[in-house]
Amino acid sequence: MSILRFLLARMAKMVAVIATIVVVNFLLIHAAPGDPASVLAGQSGAADARFVEQLRHQFGLDQPLSTQLWLYVSSVATGDLGISHLQQRPVLDLILERLSATLILTLSAFAFSIAAGMALGVAAAQRAGSWIDSALTVLALGFYCTPIFWVGLMLVLVFSVSLDWLPSFGMMTIGAPLHGLARVQDIAAHLVLPALTLGLFYMAVYARMTRASMLDSLGQDYVRTARAKGVPEGRILRRHILRNALLPIVTLAGVQAGQLIGGSVLVETVFAWPGIGRLAFDALLARDYQVLLGVFLTTSIMVILFNLATDLLYLLIDPRMRPA
Amino acid sequence: MPISGDHALSRRALLAGTAASGVLMTLAEARAQGITPKSGGTLTSLLTPEPAILVPGVNNQAPTLIASSKIFQGLLDYSMALEPRPVLAKSWSLSDDKLSYTFKLQEGVTFHDGKPFTADDVIFSIMKFHFDLAPRARSVFQKIKQATAPDPLTVVFTLDSPFEPFLLMFHATAAAIMPKHLYEGTDFRNNPNNQKPIGTGPFQFVEWQRGGFIRLKKYDGYWKKGQPYLDEIVYRIVPDSQSRALAMETGQVLMSGASDIEPFDVPRFQQKPNLEIETKGWECFAPLMWIELNHRVKPLGDVKVRKAISMAIDRDFILRRLWFGVGKVATSPIASTTLFYDPASKLAAHDVRAANILLDEAGYKADSSGVRFKLRHLTLPYGEIWARLAEYLRATFKQIGIELTLESTDTGGWASRVSAWDYDTTINFLYQFGDPTLGVERTYVSTNIQKVVFTNTGGYTNPEVDKAFAAGRNGATAAERKTAFATAQSLLIADMAQIWIQEMSFPTIHDKKARNLIQFGSGIHACYDDVFLA
């Protein structure tokens, strides 16, 4: 019952946050210099006053900002994200057709970074001070401080250019329509490099955090007690150390999950991955307001949902946090 | 097809065009290399940035025009010397009073939905579609007093006064022929067919995975029998310039054009034995690049300052070290491949000492730290190369005591600031479209000082220049126009109206097995019905 009330309270807050986000984003975007009409004029190589006026009128930019805001907010409230000025297609379609690409990429990277990061962290913590620990720590530090686009380019140089094992860009082979398993394999081959690139940084973060928080738990009294009781070492690791060390990792995972959508812009650019991050980036350059606002809204909702999931996960892992 | 010495489009040249000559020429060329065209295969190409829409007129951005010129065709294409070549027009003629242009259209042409192409489509496209949508088309087609179709395959345009560059306006990038039956009476910009373009071109639209690729396939009903040779053209969207270079290097795409490959990456392709680099194919556009000075900002209104800046710039260095030789040093406000370029025109040689003396004479004293005055420079946001150019300019301006502060922005910010005249100096480059009246006049005449980008935003005024461009525009004969533009060029150079730097060219890098990619002055904007993979 109390969990239900907790959820309801959170939902109410979410609606307020989303409403604020919509309004603030709208105002921020309109504060940037230039508008879609000026961008179009600038890139068409020829313009006259009539051309710019026509476009502004068509895009509704000749109306007062408050009117534009009202129109936008009221249409979003009914679930209509508007039409892209430039592509003349519904924003929701544009987002939906590219959301799956981003989700495939980010979720693979997410799973990889958590699994590999925790494995490395546990391995290092168990052998703290040994050469294995030092090697893993150096490796993690290396990925932690290397710029993501550089890692991407190096992976491409090694695995695409030199070894010719994996394609260097795109999401699938074009021209040979594949089905079933062949299609999955094709996408998977294209996915390896971008997912690795996106995941390596977070893998390093998880490895370092797991190691630190494991070492912290290792010296706790309850661990010593368990050992004195004669609990097997594997069980101590799983039940006593890792479970307690998990809380900061869940916190971090919640933060990362939110950032995965936005943080994929760079990787999507380097690997020409047709995801939502680049949709936002291109829309920003073109001042395609509706698309940009739509992407912001989508990603905000995702961040909020991930936060909620994180909070629920806390309750599951740590009984002390359950509302009385 | 002969062209008289003064670049005039003589009546004989106008009448000489037939459908066969264009095809025969390319076949002959192919045979000369010992290769007969072969059918089949997919041409993969880079395309940067991703177009928003594939319908010319509705969107006239550079990548749109590259891809859409395979789907839509114009009445004409142009040789590298800018002579008209037949496309949808089989032949054409001009009346003796130089007012009526008659186009005979190709027979058996259909749109991709199977509907026949007729004179009505031509009249609709010119008089309604492009006239309503495109500023460039509007500025020329407003001279048409009457457009008639005596029969379904003949179109006559009657002008209100002679306009010599009229024939240069019929390429697919300027006046693509649209299907009247799908667009008439609709809101052109919001027509649902914009998402699935239908033209008369050799390739028809198949699919577009946004952010990934655009796929076109051979149109089986194409009006030239046995053509096109290619089965498909796939444009791949790769946003990162290094990834594009890698895609080219690893053979994942067969060609790149326009700005796909950054100039400083071009040398690494010169050693590749399987690749060829061509720089021709931009004659129809002839982009000229200049440092754009805002004449309203002190002391840029002073001709001595502008001359000093021009002398301080080492144009050879920019061409060799920044553009790695792709392009040509500018010698005039008119590019050398544009009609009526005056070969006698010359800019003062690079001489930093003389530039400093000129500024001393003009009374701009340097302060204790060697600075005469400070200016802002709005860096052109089109890629890394422009940032490098801005760095070079800052160093160069410093040599003559001008402190340049670089300001960066994105494309939207750039266009809106230039439109608002909110800049001291920036870089600009504009297509000249083959004729000074079409592409040069707009930057210098006082009647075109507007708060709109690509007009005379610099605010330069000289009544004599206005007069010379007007004489060039209205001149009925090529000889009259030649005199007028020679005057305009010498006046502009004497005033150093802007600091012209370079005639730009863009490398087309392609696998040697792809043939006939660059055959016209329109280069990669040709319809590619004769391109094949050997």
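Everything quoted here is computed from the prediction, not taken from an experiment.
- For the atom pair CE (A:M171) and CZ (B:F213), the distance works out to 10.5 Å, reported to the nearest 0.5 Å.
- When heavy atoms are compared at a cutoff of 4.5 Å, B:T42 does not approach chain A at all.
- For B:V58, the part lying near chain A is the side chain, with the backbone staying farther off; criterion is any non-hydrogen pair under 4.5 Å.
- One N or O on the side chain of A:Q54 and one on the backbone of B:D132 form a donor-acceptor pair closer than 3.5 Å.
- With a 4.5 angstrom heavy-atom cutoff, A:V270 touches chain B via backbone and side-chain atoms both.
- Contacts between B:Y382 and chain A at a heavy-atom distance below 4.5 Å involve the side chain alone, from C-beta outward.
- Using a 4.5 Å cut-off between heavy atoms, A:L157 contacts chain B through its side chain alone, with no backbone atom that close.
- With a 6.0 Å radius and a threshold of 12 heavy atoms from other residues, nucleotides or ligands, B:K128 has its NZ atom at or below the threshold.
- Nearest heavy atom pair, residue B:Q209 against residue A:P274, reads OE1-CG, 3.4 Å.
- Within the 4.5 Å cutoff, the side chain of B:I53 has heavy atoms near those of the A:Q88 side chain.
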### Task
In sequence, state the C-alpha distance, the side-chain angles, and the governing distance for A:D282 and B:R210, and then conclude on salt bridge (Lys or Arg N to Asp or Glu O under 4.0 Å).
CA-CA 11 Å; A:D282 291 345; B:R210 306 269 163 171; over 6 Å; no
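- Taking CD of B:E50 as the start and CG of A:L86 as the end, the distance is 11.0 Å to the nearest 0.5 Å.
- Within a 6.0 Å radius of CZ in A:R50, other residues, nucleotides and ligands contribute more than 12 heavy atoms.
- Comparing A:L94, A:L279, A:L285 by how many heavy-atom pairs each has under 4.5 Å with chain B, the most go to A:L285.
- In terms of heavy-atom pairs under 4.5 Å with chain A, the best-connected choice from B:T409, B:V418, B:D240, B:T455 is B:D240.
- If you measure heavy-atom distances from A:L55 to chain B, the contacts under 4.5 Å come from the side chain alone.
- Remark: B:R189 CZ to A:F59 CZ distance equals 6.5 Å, nearest 0.5 Å.
- Counted within 6.0 Å of NE2 on A:H57, heavy atoms from surrounding residues, nucleotides or ligands total 12 or fewer; the atom is thus considered open.
- The CG atom of B:L246 sits 9.5 Å away from atom CZ of A:F169, with the distance rounded to the nearest 0.5 Å.
- Using a 4.5 Å cut-off between heavy atoms, B:L65 does not touch chain A at all.
- When every heavy atom of B:G412 is checked against every heavy atom of A:V39, the shortest pair comes out as CA-CG2, 3.2 Å.
- With a threshold of 4.5 angstrom between heavy atoms, B:R236 approaches chain A through side-chain atoms but not through N, CA, C or O.
- For a residue to count as touching a neighbouring chain, one of its non-hydrogen atoms must lie under 4.5 Å from one of that chain's; by this rule A:Q87 touches chain B with backbone and side chain alike.
- Open room surrounds NZ on B:K217; 12 or fewer heavy atoms of other groups in view lie less than 6.0 Å from it.
- Interface remark: B:S419 contributes no atoms to any contact with chain A (heavy atom separation under 4.5 Å).
- Other residues, nucleotides and ligands place more than 12 heavy atoms under 6.0 Å from the CZ atom of B:F429.
- Within the 4.5 angstrom heavy-atom criterion, only side-chain atoms of A:L153, from C-beta onward, approach chain B.
- Of the two parts of A:V161, the backbone and the side chain both hold a non-hydrogen atom closer than 4.5 Å to a non-hydrogen atom of chain B.
- Residues B:D410 and A:L284 share a closest heavy-atom pair of OD2-O, 4.4 Å.
- Using a 4.5 Å cut-off between heavy atoms, A:P36 does not touch chain B at all.
- A distance of 6.5 Å separates OG1 in B:T411 from CZ in A:R287, rounded to the nearest 0.5 Å.
- For B:Q450, the part sitting under 4.5 Å from any heavy atom of chain A is the side chain, from C-beta outward, and nothing else.
- Using a 4.5 Å cut-off between heavy atoms, B:N59 contacts chain A through its side chain alone, with no backbone atom that close.
- Interface remark: of the candidates B:N190, B:T64, B:T250, B:N190 forms the most heavy-atom pairs closer than 4.5 Å to chain A.
- If you measure heavy-atom distances from A:R278 to chain B, the contacts under 4.5 Å come from the side chain alone.
- Looking at B:A247, the atoms closer than 4.5 Å to chain A (heavy atoms on both sides) sit in the backbone and in the side chain alike.
- Around CZ of B:F131, the count of heavy atoms belonging to other residues, nucleotides or ligands within 6.0 Å exceeds 12.
- Neither the backbone nor the side chain of B:E207 comes within less than 4.5 Å of any heavy atom in chain A.
- Here OG of A:S38 is found 14.0 Å from NZ of B:K451. Values are rounded to the nearest 0.5 Å.
- With a 4.5 angstrom heavy-atom cutoff, B:V453 touches chain A via backbone and side-chain atoms both.
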